[in-house]
Number of protein chains: 2
Amino acid sequence: MSNAASRIGVQGMGKGKVTIKDVAKVAGVSTGTVSYALAGDPRINEKTRKLVEEAAHKLNYIPNEVGRSLRSRKTETIAFVIPNTSSHVFSHPYFLKLLEGITEVLEEYSYNLQISTTPSEKEEAKAYDKILRSNRVDGIILSSASLKDRNILRMVESGFPVVYLGKWHHEEVLTVERDDFRGAYEAASHLAGLGRRRIVHISGPLDHQESVDRLEGYKQALSDHQILYDASLVVEKDFSREAGAAAVEELRAANVRYDGIFAGNDLMAIGALKQLKRMNIAVPEEVSVVGFDDIDMADAVTPELTTVHQPMREIGRMAAEKLLAVLQDREVPEKRSIVSTRLIIRESCGGQPQ
Amino acid sequence: MSNAASRIGVQGMGKGKVTIKDVAKVAGVSTGTVSYALAGDPRINEKTRKLVEEAAHKLNYIPNEVGRSLRSRKTETIAFVIPNTSSHVFSHPYFLKLLEGITEVLEEYSYNLQISTTPSEKEEAKAYDKILRSNRVDGIILSSASLKDRNILRMVESGFPVVYLGKWHHEEVLTVERDDFRGAYEAASHLAGLGRRRIVHISGPLDHQESVDRLEGYKQALSDHQILYDASLVVEKDFSREAGAAAVEELRAANVRYDGIFAGNDLMAIGALKQLKRMNIAVPEEVSVVGFDDIDMADAVTPELTTVHQPMREIGRMAAEKLLAVLQDREVPEKRSIVSTRLIIRESCGGQPQ
DNA sequence: AAATGAAATTGAATCGATTCAATAATAAAA
DNA sequence: TTTTATTATTGAATCGATTCAATTTCATTT
């Protein structure tokens, strides 16, 4: 059946698979002893342990993780769940960084990572249920999602070990958050500090908490600089480059005048830069632009993009560490972790590094 | 122990987990019948099947996948393995596209995806063995790696279901490949066609097959345009932006003159663009630049990058389809699939779309 | 030398499904 | 009605580990 399953054969496979029974037989002990010995249980006599280890090594024994999981009720696997949003998260560069951070930590602890996107809307609830209850994973890192998503709510509040990447309205939930408000505040403040008075904000979807927080930070910065909030300067878009370009185009069509843009993320900022260039509007001379994320490409565009740096890799690391702490019954130092952002001054705003 | 494992509780969880026994009891049949019924086995009478389905639904039964896997020897999970290379693949944008393609297909078939990076060199062989033999996954999609990597060899030739993303020297191995030679040939030919005569090639690491093929394509193009191959115009780098910039800097230091650059990938091309700008060398007027990959950001830089498009998402899809065909004992139309590339003309080469 | 206690080991039960071989129920043919 | 097929269902075995409770071994104390 399984085509050529052992055509060449991995070292030590012999005729069939090597199980714990084989090891027990060779070592001349019971399977129980083998299990304890290989787990390093102190009950087992040092000499016996050595014996078992030798036998295991000789047979090139690799435990069947499925058998192990069934009995011990642990899979040593966690899922990284990416909710099914209109703007598919995969297309966002920062996602890679997150993944990088997560895998680094998991490797360290020999945990496995499962990537779970969710299938099309239909049966979505079922899909989540399956992740929670099919016993395939021990815990979940959940990428932030729409505030309206009921399934996320169920997931986070199910009692299943979850770390949520974003703000959650409930104290008990484990989260790793960015300080979106402060990041946005600093970005907008910087623009205001440069003398910009009509600052556009290209917002991400406002059913996402981070978009809301960034908008609030922007508003606060305006207020602190005695700039009146003008709703016509705020456009809600979807985090994509195309949306950034479209926003600028729409502003032109609506004849809105402005001297600064604070975009809700770098992709939109880059899209905006492009459109401004097409319209022959000089950046930063006529319009200053600031983004959010500090993706790798932020300093590859012309002019180099001033932006709010978020340590996505670190966030990934923290989330994984936190989840593993729970799974391994270790101390979790803090339920909510808030990582701070930092404004990176480049060319697109026309300012100087402080 | 498991902190608040059922503090809130998912719908239908009741006091404990719902197993197949519970369903059997409620439906008034044996567990065997439940199993067959839910699997849609034709042996089971229609009426009984309905009965079982109702019971399962009422109890909100979700099968324990671990139990299932143990007996049936199928996990419905595949691994995407990213070999541990110096230039960590995660940092490359095209990786995301690959992942996107893979997950799309897996979703369709309700398969799970495990991401396996490999830990630091030590124990790497062991790590691979574990993937192959711990029974956690049914098959593997293997990202291309160094030609020298012995572990990859073992993995691909183990007889375990593997799809390799790249060229393999053995007919029997399932692969999805780009036509690197042809892509490079077209890129370099285009430059030559524009009258460029001293064309630099910034190559990726030459222990990677794709780098070799691209170099060969470049050489062939030169030859076909009566341009003598000049080894001093070829520099071997590591696929990173920094490396691209460094290459240009080194050429300057060595006083090499050139009027075109064909970079082994877009990141290096973008790094080169940046360095050329710093050195006040006009692109495309003085030097034409062409990249490889067509990452999302290729048209975000200034000037927009001419490059060889590879359908990474499609490659991901094809690899997943191919692997699933094997796992589900379906027909595999072709062992080797070669997807073609296509030159995308933008601003950085100074040419016109044909 | 017997009794006691501690340490080491064993063997069976268990986890939750699938699947095999045996049996029961039903329908068709003799 | 009995026999033969055919269809449905069952119950137990099985997958490969972990883990519980019981037992054996060994060292120590009386």
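If you're wondering where the values come from, they're calculated on a predicted model, not measured in any experiment. By convention in this document, chain letters (A, B, ...) are assigned in the order of the sequence lines, proteins followed by strands, and residues within each chain are numbered from 1.
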Centroid separation under 6.0 Å, is that true for the rings of B:Phe80 and B:Phe95?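 Yes, close enough.
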Any cation-pi pair here, A:Arg43 with A:Tyr36, using under 6.0 Å and within 45°?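 Positive - A:Arg43 is close enough to the ring of A:Tyr36 and near enough to its axis.
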Evaluate whether atom CD of A:Glu171 has more than 12 neighbouring non-hydrogen atoms of other residues, nucleotides or ligands under 6.0 angstrom away. no
Whole-Å gap separating [atom2] ([N]) and [atom1] ([X]):
X: A:Lys74; N: D:dG16; atom1: NZ; atom2: C1'; answer: 18 Å
X: B:Ile20; N: D:dT10; atom1: CD1; atom2: P; answer: 12 Å
X: A:Arg49; N: C:dA8; atom1: CZ; atom2: P; answer: 12 Å
X: B:Lys50; N: D:dT9; atom1: NZ; atom2: P; answer: 14 Å
X: B:Tyr61; N: C:dT18; atom1: OH; atom2: P; answer: 6 Å
X: A:Asp41; N: C:dA7; atom1: CG; atom2: C1'; answer: 12 Å
X: B:Lys17; N: C:dT14; atom1: NZ; atom2: P; answer: 18 Å
X: A:Glu65; N: D:dG16; atom1: CD; atom2: C1'; answer: 11 Å

State which of [options] makes the closest approach to the side chain of [X].
X: A:Ile44; options: C:dC15, D:dA8, C:dT9; value: C:dT9
X: A:Asn45; options: C:dT9, D:dG16, D:dA8; value: C:dT9
X: B:Val29; options: C:dA17, D:dT10, D:dA17; value: D:dT10

Are OP1 or OP2 of D:dT14 and a side-chain N or O of B:Arg73 less than 4.0 angstrom apart? no
Please confirm whether the shortest side-chain N or O distance from B:Ser72 to OP1 or OP2 of C:dT18 is below 4.0 Å.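 For B:Ser72, the contact criterion (side-chain N or O under 4.0 Å from OP1 or OP2 of C:dT18) is not met.
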Is [X] touching bases, backbone alone, or none of the nucleic acid, heavy atoms closer than 4.0 Å?
X: B:Thr33; result: base
X: B:Ser69; result: nothing
X: A:Ser35; result: base
X: B:Val66; result: nothing

Salt bridge flag under 4.0 Å for residues A:Glu108 and A:Arg317: yes
Quick one: do A:Lys50 and A:Glu54 make a salt bridge, cutoff under 4.0 Å? no
Sequence neighbours excluded, which residues qualify as salt bridge (Lys or Arg N to Asp or Glu O under 4.0 Å) partners of B:Glu331?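 Per chain and number, B:Glu331 pairs via salt bridge (Lys or Arg N to Asp or Glu O under 4.0 Å) with no residue.
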Report yes if a donor N or O on one partner sits less than 3.5 Å from an acceptor N or O on the other, where the partners are the side chain of A:Arg71 and the base of C:dT14; otherwise report no.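 Yes.
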Polar pair under 3.5 Å, donor/acceptor by atom type, side chain B:Arg43, base D:dT7: no
If you assign B:Asn64 and B:Tyr36 each to the DNA chain C nucleotide with the nearest heavy atom, which residue ends up on the more 5' nucleotide?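 With B:Asn64 and B:Tyr36 compared, the 5'-side residue is B:Asn64.
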Given DNA chain D, 5'-ward residue of the pair B:Thr31 and A:Gly32, judged by closest heavy atom: B:Thr31
